[in-house]
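Here is the structure we will look at, set down as C-alpha cells.
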Amino acid sequence: MMKYDVVVIGSGFGGLACALLLSKAGCRVLVLEAHWQPGGCMQSYQRKGHTFDTGLHYVGGLDDGETLHDVFGQLGLLRLPWHRMDVEGTDQITIDGRTFCLAQGFDRFVDVLATDFPHQRQALRTYVGMLQGPDQDPSVNAWQWLDETFSDKLLIDVLSGSCLKTELRRESLPLLAFAHSQKSYIQSSWRLRGDSGMIVRSMVNDIRHMGGDVVCRAEVKELIEQDGRIVAAMCDNGERYEGRLFISDIHPAQTFALVKESKVLKNIFRRRMTMLENTYGMYTFSLVLKPHSLPYFNHNKFVYEGGSVWDEDTTKVMLSCRVPEEDSDDATLLDLLTPCDKDPMTLAETVIPGLRDMVSEQYVSTPRTWQRFTHTPDGSAYGIRKDCRQSLLTMLSPRTPLSNLLLTGQNVMLHGLEGVAMTARQTCDIIMRNHTEYLRI
Ligand SMILES: Cc1cc2nc3c(=O)[nH]c(=O)nc-3n(C[C@H](O)[C@H](O)[C@H](O)COP(=O)(O)OP(=O)(O)OC[C@H]3O[C@@H](n4cnc5c(N)ncnc54)[C@H](O)[C@@H]3O)c2cc1C
C-alpha cells in the first residue's frame with residue numbers, strides 16, 4: 001500500500017492549488033474527488049456540443065505585481081489564454097435604469113465614478129486607499145465602513161453592485177471579505193478564452209507530471225484517527241488511502257463528520273462546526289444564442305431593480321458572456337446569474353432588449369444542482385457566511401485540533417479564486433514551515 005506525503009480531500013481550486021504547490025515542494029500527493037470529474041465549482045459541462053462554465057466568469061489581478069500574478073505563476077496558470085476585459089467599464093452596474101461603470105486601475109476607477117459623483121471624489125480616494133492598504137481587521141463591518149465614508153447612498157450601491165460574487169449582508173459582512181472581492185478586479189480583470197475546465201486540466205496535468213495522483217469517483221467516507229493524527233482516508237470505491245498529512249478542501253462540518261471516532265475532537269467543537277451558517281445559493285441560466293443575434297460584450301452587466309443592492313428582496317441579475325473564437329465578434333454563450341428563484345429574463349431584457357428571442361437553448365442550474373455536483377451544503381455559492389461580529393468563529397484558521405489535518409478552500413477564510421488561492425498558499429506555508437512536525441520527514 002502506497003503511503004502519500006499528503007492526501008487532499010476534494011479537487012476544488014483550493015485542493016488542486018495545495019496539491020500543486022506541495023508537489024512542487026517535493027511532496028508525493030494524492031487528491032481524492034467524489035465526482036467523476038475534478039474541479040468542484042470550476043468544473044465545466046457539455047450539452048449538444050457546447051461547453052458551459054459553472055463557477056468562473058472572470059478573475060482579477062493577473063498583471064505583473066498584482067494580487068494573483070505570483071500565485072497564478074506558481075500554479076502554471078499565467079500561460080492560459082487570458083483575455084483582458086474593458087478597462088473603462090469592466091463591470092457595468094444598472095440600478096433602476098441608470099448605468100455606472102467600474103473601471104480598471106485605481107486612478108481610472110476614481111475618475112470614471114467621479115464623473116457621476118463629483119461630490120464624492122475624496123471619499124472615492126479614501127475607498128481605493130483602503131483597498132490598496134493592509135488587510136482590514138475582520139471585525140470591521142463593511143456596510144458600516146461604507147456608510148461612514150460615503151454620504152451618497154447610490155454610490156454605495158454602485159460600488160457594491162458587482163457583488164453578486166459576494167453575499168451582501170449589512171449586519172455581518174466583514175470589510176475584509178468585501179475588499180477582497182473588489183481589489184483584484186480593479187487592478188485588472190480577465191476572462192478565459194475557453195472554458196474554466198482549462199484551469200482544472202492544466203493543474204491536474206501538472207500534479208500528475210510531478211508524480212502525484214488525482215483519483216475521481218473516490219468519495220471519502222471516513223478519516224481514521226490514531227493517537228490524535230489522521231492515518232487513512234476510506235473511500236466509497238472500497239480503497240483505503242494512507243498519508244502523513246491530510247488537507248480538506250470540503251466544508252469543515254463535513255470534514256469533521258468524516259472523523260467518526262476521535263479522542264481529540266470535542267463535541268462542543270463538532271457542534272460549533274455544524275452550526276456555521278452558509279451563504280445563499282445561485283441560479284444560473286446558461287443561454288446558447290442564435291448565430292449573429294448579439295455582439296460580444298467585453299464586460300459584465302449587473303442589473304438591480306426595486307431596492308438597494310444590499311437588500312435581499314431586490315431583483316438582481318449578472319450577465320456574463322464567453323469570449324468568442326478569434327474569428328468571431330458574436331456572443332454565443334451568455335450566463336444569467338441570480339440568487340433569486342425568479343426567472344431573471346425580464347430584468348436582463350432591460351439591458352439587452354429582445355434577449356429572449358435570441359436564445360436557441362437554455363440550461364438552468366439551481367442551488368440543488370450545486371449541492372449534487374459539489375456536495376456543498378445547501379448548494380451555498382460562497383461557503384460559510386463570514387460574520388464580522390464573530391470573525392474568529394466564521395473565518396477559520398487552516399489548522400484543526402488534529403495535528404496533521406489542515407483545511408483549505410472557500411469555507412476557510414475568503415472565497416473566489418483570489419481568496420481560495422491565498423488560503424491555499426497559507427495552508428501550504430503552514431505545512432512547509434512545520435514540515436518536520438507535519439510530514440515527519
Ligand atoms: C455561480 C458561481 C459563480 C462564481 N464565479 C466566480 C468568478 O467569476 N470568479 C471567481 O474568482 N470565483 C467565482 N466563484 C467562486 C469560486 O468558483 C469558488 O470560490 C472556488 O472555486 C471554490 O473552490 P474550493 O476549493 O473551495 O472548493 P469547491 O469548488 O467547493 O470543491 C470542493 C470539491 O470537493 C469535492 N468533495 C466534497 N465532498 C467530498 C468527499 N467526501 N470526498 C471527496 N471529494 C469531496 C466536491 O465534489 C468538489 O469537487 C463562483 C462561484 C459560484 C457558485
Side-chain angles (χ1 to χ4, degrees), residues 7-19 30-43 53-62 67-68 72 85 91 162 164-167 180-181 184-185 189-192 196 199-200 203 214-223 233-237 241 247-255 257-258 278-286 300 318 320 335-339 365-367 369-377 379-384 407-424 427:
V7 176
V8 180
I9 302 143
S11 69
F13 185 69
L16 293 177
C18 286
L30 165 68
V31 182
L32 296 170
E33 169 54 50
H35 193 33
W36 65 266
Q37 65 167 331
C41 296
M42 298 288 300
Q43 64 191 281
D53 290 329
T54 56
L56 180 77
H57 295 87
Y58 68 142
V59 294
L62 297 187
T67 312
L68 273 181
F72 265 44
M85 297 173 70
D91 291 325
S162 64
L164 278 184
K165 50 190 193 294
T166 304
E167 187 191 56
H180 269 274
S181 69
S184 60
Y185 293 97
S189 284
W190 309 80
R191 282 179 177 152
L192 254 186
S196 59
I199 296 181
V200 179
M203 294 172 86
V214 179
V215 180
C216 291
R217 298 182 208 273
E219 179 174 345
V220 177
K221 289 290 191 187
E222 186 169 0
L223 291 171
M234 309 297 294
C235 286
D236 65 348
N237 60 6
Y241 297 97
I247 298 176
S248 175
D249 182 41
I250 68 175
H251 195 287
Q254 294 172 326
T255 303
L258 293 173
N278 297 303
T279 48
Y280 56 53
M282 283 295 238
Y283 295 78
T284 307
F285 294 72
S286 300
N300 299 313
M318 170 185 177
S320 183
D335 280 353
L336 310 186
L337 288 99
T338 178
S365 59
T366 70
T369 322
W370 283 92
Q371 189 167 15
R372 180 168 163 223
F373 288 101
T374 65
H375 293 238
T376 318
S380 156
Y382 315 116
I384 289 171
L407 304 176
T408 204
Q410 66 175 359
N411 292 292
V412 179
M413 290 190 310
L414 298 163
H415 68 274
L417 257 57
E418 190 229 314
V420 173
M422 298 299 146
T423 306
T427 304

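Counting convention: from 1, in listed order, for ligands and their atoms alike.
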Quiz: residues 35-42 side-chain donor-acceptor pairs under 3.5 angstrom, not counting sequence neighbours:
unit_1 : atom_1 : unit_2 : atom_2 : d
H35    : NE2    : Q43    : OE1    : 2.9
Q37    : NE2    : Q43    : OE1    : 3.3
Q37    : NE2    : S44    : O      : 3.0

Do [X] and [Y] get their side chains close enough for a donor-acceptor pair, meaning under 3.5 Å?
X: T255; Y: S248; answer: yes
X: T284; Y: S286; answer: no
X: S196; Y: D53; answer: yes
X: T408; Y: T423; answer: no
X: E33; Y: S11; answer: yes
X: S320; Y: N300; answer: yes

**Study point:** Partner residues of H251 under the side chain to side chain contact (heavy atoms under 4.5 Å, CB included) criterion, sequence neighbours left out
**Key:**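 For H251 the side chain to side chain contact (heavy atoms under 4.5 Å, CB included) partners, ignoring immediate neighbours, are A253, Q254, N278, P377, I384, N411.
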**Study point:** Region of E33 engaging ligand 1 - heavy atom pairs below 4.0 Å
**Key:**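 Under 4.0 Å from ligand 1, E33 contributes backbone and side-chain atoms.
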Point to revise | Option set W370, F13, Y58, criterion heavy-atom distance to atom 9 (N) of ligand 1, minimum | key: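 Going through W370, F13, Y58 one by one, Y58 has the nearest heavy atom to atom 9 (N) of ligand 1.
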Got the closest protein heavy atom to [atom], with its distance?
atom: atom 15 (C) of ligand 1; result: G416 CA, 3.8 Å
atom: atom 29 (O) of ligand 1; result: C41 N, 2.7 Å
atom: atom 10 (C) of ligand 1; result: L417 N, 3.6 Å
atom: atom 8 (O) of ligand 1; result: H57 N, 2.7 Å
atom: atom 26 (O) of ligand 1; result: Q410 N, 2.7 Å
atom: atom 46 (C) of ligand 1; result: T374 O, 3.3 Å
atom: atom 3 (C) of ligand 1; result: G55 CA, 3.6 Å
atom: atom 27 (O) of ligand 1; result: D249 OD2, 3.5 Å

Short N or O distance, [X] and ligand 1, threshold 3.5 Å exclusive:
X: V220; value: yes
X: I9; value: no
X: V59; value: no
X: V420; value: no

Out of all atoms in ligand 1, which are within 4.0 Å of some heavy atom of [X]? Include the element for each.
X: L337; value: 1 (C)
X: L32; value: 43 (C), 44 (N)
X: I250; value: 34 (O), 36 (N), 37 (C), 38 (N), 39 (C), 45 (C)
X: G14; value: 25 (O)
X: G40; value: 29 (O), 31 (O), 48 (C), 49 (O)
X: A381; value: 53 (C)
X: A218; value: 43 (C)

Exercise for review: Check whether any side-chain heavy atom of H375 lies under 4.5 Å from a side-chain heavy atom of I250, and answer yes or no.
Suggested key: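 Side-chain contact under 4.5 Å: no.
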Review point. Under 4.5 Å between any side-chain heavy atoms of T366 and M282, yes or no?
Key: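 When only atoms from C-beta onward are counted, M282 and T366 do not touch, as no gap falls below 4.5 Å.
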Check your understanding: Is ligand 1 less than 4.0 angstrom away from at least one heavy atom of Y185?
Key ->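 Per 4.0 Å heavy-atom rule, Y185 contacts ligand 1.
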Exercise for review: Using the side chain to side chain contact (heavy atoms under 4.5 Å, CB included) rule, take M413 and M422 through it: C-alpha gap first, then chi angles, then the decisive distance, then the call.
Suggested key: CA-CA 9 Å; M413 290 190 310; M422 298 299 146; 5.7 Å; no
Exercise for review: Identify the two heavy atoms, one from A19 and one from V31, that lie closest to each other, and give their separation to 0.1 Å.
Suggested key: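 Smallest heavy-atom distance, with atoms named: CB-CG2, 3.5 Å.
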Practice item. Mind running side chain to side chain contact (heavy atoms under 4.5 Å, CB included) on L30 and V8 for me, showing each step along the way? Key: CA-CA 6 Å; L30 165 68; V8 180; over 6 Å; no
